[in-house]
Amino acid sequence: MKKLISTLKNIFAIEDLRVRILNTLGFIAIFRLGSYVVLPGIDPNQLGGDSTGILGLLDAFLGGAFSNASIFALGIMPYISASIVLQLLTIAVPYFQKLQKEGESGRKKINQYTRVLTIVITLAQSVGFLATINADAIDPSVAGPLFTISSMIILTAGTMFCMWLGEKITDKGIGNGISMLIMIGIVSRLPGALVGEAMALGLGRALIFILELIILFFVVMSVVMLTQAIRRIPVQYAKQVGGSASLQAGQRQFIPLKVNAAGVMPIIFAQSLMFLPGMVASFWRNESDLANEIGNVFSDYTSWQYNLSFAVLIIIFTFFYTAISVNPNQISDDLKRSGGFVPGVKPGLATSEFIDEVLTRITLPGAIFLAFIAILPSIAMLFGITREFAAFFGGTSLIILVGVVLDTLNQIESYLLMRHYDGMMKSGKLRGRSKNIAVAS
């Protein structure tokens with residue numbers, strides 16, 4: 001406890017860090033307030049209950065803004081979709097590949113394209129969102145084309161404002177702003193989920209509730225290990241002769257390859273595809289027994305068929321996204337240009353093949369563990385845990401929470417160490433403390 005109090009004092013003793021934390025809290029407060037401002041012409045009391053399926057996942061990321069039909073109903077999700085599209089284009093389209101290699105100027109152009117695409121995606125998604133609103137919730141006096149057009153403009157403006165808030169958190173606050181907004185939306189549902197689970201169990205089963213919290217703790221720790229786990233490839237740099245003709249010893253560093261280099265993206269991709277079979281089967285639900293069976297299987301998130309298909313898709317997408325996000329050829333070329341080499345491996349093609357082989361070996365266990373974490377909420381629901389609380393036992397929500405918290409702690413740790421304060425922990429190691437890392441990007 002004394003260490004915690006001392007660390008908090010050190011954090012707020014650094015003026016720049018204190019201002020950034022307060023700025024972050026202020027921007028988050030604005031974001032949360034906006035999620036309760038309902039679109040004009042809509043009666044919130046007439047809105048339906050909690051969304052399910054992919055709409056429920058979106059609502060979880062937005063902290064209930066989607067189900068509240070607020071001005072931030074779409075949040076920053078269109079921006080994330082646009083970012084993913086541009087990221088894929090930088091791999092497949094030569095023009096965007098050229099922009100990526102142009103440095104700062106190319107990055108600015110890509111950001112401009114991302115913003116324009118965000119507006120297009122938001123306008124398209126706003127039409128779909130308005131279609132999901134219960135007709136009884138719309139004031140008959142305003143219903144019509146004008147209401148639709150004005151709501152589309154408001155939703156688009158809300159998304160752009162959320163994107164602006166995220167950028168301001170990144171520039172003036174602490175942590176990655178876009179990720180921080182998603183995390184806050186997820187965390188905002190945790191107190192309600194805890195209360196709902198406690199009430200469902202009752203006082204007579206308090207021991208079971210404590211046991212669930214203990215299991216949740218160990219699940220979180222396992223996700224932390226998955227997020228932090230890396231495979232270090234040693235790198236040796238050739239000896240160099242200094243200006244005074246003195247021989248300098250070569251530096252020994254390493255390339256950190258993450259066990260889960262794909263992050264949460266495989267789960268998001270797989271979850272999006274898992275809704276397609278049920279959607280397609282719904283068109284023939286009354287005409288075919290097979291369509292009825294498929295629709296029932298893919299609408300039951302606790303069935304073994306659903307979870308097996310979900311896990312397989314996650315493993316496939318983990319390899320796919322790792323392949324497009326980590327380029328062994330580029331790493332090998334960067335090492336060769338800087339005079340570095342992997343001991344026992346020839347520079348060039350041999351180094352690229354070696355890195356690719358190592359990456360494949362560590363990605364397989366990482367993909368399997370990621371798939372297991374993703375289906376944990378379904379397993380928790382089979383044991384009687386409420387759907388809201390089970391969502392925190394794994395899946396997209398938990399991985400995003402852990403990733404954002406670790407990234408924020410890394411930044412705070414860096415501020416403390418730069419000002420010659422002790423770090424946040426006496427033992428253990430945050431990635432921000434790691435030294436002698438060969439930058440391979």
Side-chain angles (χ1 to χ4, degrees), residues 49-61 64 67 186-187 189-227 260 264 266-279 281-282 285 292-318 365-402:
D50 292 338
S51 303
T52 58
I54 194 169
L55 300 182
L57 178 66
L58 179 61
D59 194 42
F61 287 163
S67 58
I186 296 172
V187 169
R189 303 175 73 91
L190 180 58
L194 287 170
V195 172
E197 179 67 15
M199 293 179 64
L201 291 173
L203 293 177
R205 305 174 69 185
L207 185 61
I208 296 179
F209 182 64
I210 295 175
L211 179 62
E212 290 175 358
L213 293 179
I214 294 174
I215 295 174
L216 178 60
F217 172 79
F218 283 106
V219 171
V220 172
M221 291 300 101
S222 65
V223 174
V224 171
M225 289 190 293
L226 174 66
T227 304
N260 181 28
V264 76
I267 300 181
I268 295 177
F269 286 156
Q271 209 147 27
S272 300
L273 284 183
M274 288 302 293
F275 295 109
L276 292 179
M279 185 184 303
S282 65
R285 185 175 290 274
N292 290 333
E293 186 65 25
I294 294 175
N296 293 333
V297 167
F298 283 91
S299 62
D300 182 9
Y301 307 134
T302 59
S303 66
W304 69 267
Q305 298 97 327
Y306 180 93
N307 286 284
L308 178 61
S309 303
F310 190 29
V312 170
L313 281 176
I314 290 173
I315 293 173
I316 293 174
F317 278 120
T318 300
I368 294 174
F369 190 66
L370 184 65
F372 176 71
I373 292 296
I375 65 176
L376 263 182
S378 299
I379 298 175
M381 290 172 63
L382 290 175
F383 284 91
I385 298 177
T386 59
R387 181 172 63 89
E388 292 77 12
F389 188 49
F392 290 93
F393 274 80
T396 315
S397 301
L398 183 58
I399 295 175
I400 291 176
L401 283 176
V402 170

Are any of the side-chain heavy atoms of [X] and [Y] separated by less than 4.5 Å?
X      : Y      : value
Ile373 : Ile267 : no
Leu190 : Ile186 : no
Thr227 : Asn260 : no
Leu211 : Leu207 : no
Leu401 : Val220 : no

How many angstroms lie between atom [atom1] of [X] and atom [atom2] of [Y], to the nearest 0.5 angstrom?
X      : Y      : atom1 : atom2 : result
Leu313 : Thr318 : CG    : OG1   : 10.5 Å
Ile379 : Trp304 : CD1   : CH2   : 14.5 Å
Leu398 : Leu376 : CG    : CG    : 9.0 Å
Ile215 : Ile210 : CD1   : CD1   : 12.5 Å

Identify, with sequence neighbours excluded, every residue that meets side chain to side chain donor-acceptor pair (under 3.5 Å) alongside Glu197.
->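 Per chain and number, Glu197 pairs via side chain to side chain donor-acceptor pair (under 3.5 Å) with Thr386.
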Those residues that, when tested against Ser378, pass side chain to side chain donor-acceptor pair (under 3.5 Å) (two or more places apart) |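 With sequence neighbours excluded, Ser378 shows a side chain to side chain donor-acceptor pair (under 3.5 Å) to Asn307, given in chain and number order.
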For the residue pair [X] and [Y], what are the closest heavy atoms and their distance?
X      : Y      : answer
Pro266 : Ile314 : CB-O, 3.7 Å
Ser397 : Ala391 : CB-O, 4.0 Å
Ala193 : Phe392 : CB-CE1, 4.0 Å
Ile315 : Ala367 : CG1-O, 3.9 Å
Pro377 : Ala390 : CB-O, 3.3 Å

Step by step, work out the side-chain contact (heavy atoms from CB on, under 4.5 Å) result for Tyr306 and Ile375.
-> CA-CA 10 Å; Tyr306 180 93; Ile375 65 176; over 6 Å; no
Is the Phe389 ring parallel, tilted or perpendicular to the Phe393 ring (thresholds 30°, 60°)?
->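 Correct class here is perpendicular.
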Check the surroundings of atom CZ in Phe372: do more than 12 heavy atoms from other residues, nucleotides or ligands lie under 6.0 Å from it?
->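 Atom CZ in Phe372 is not packed in, count stays at 12 or less.
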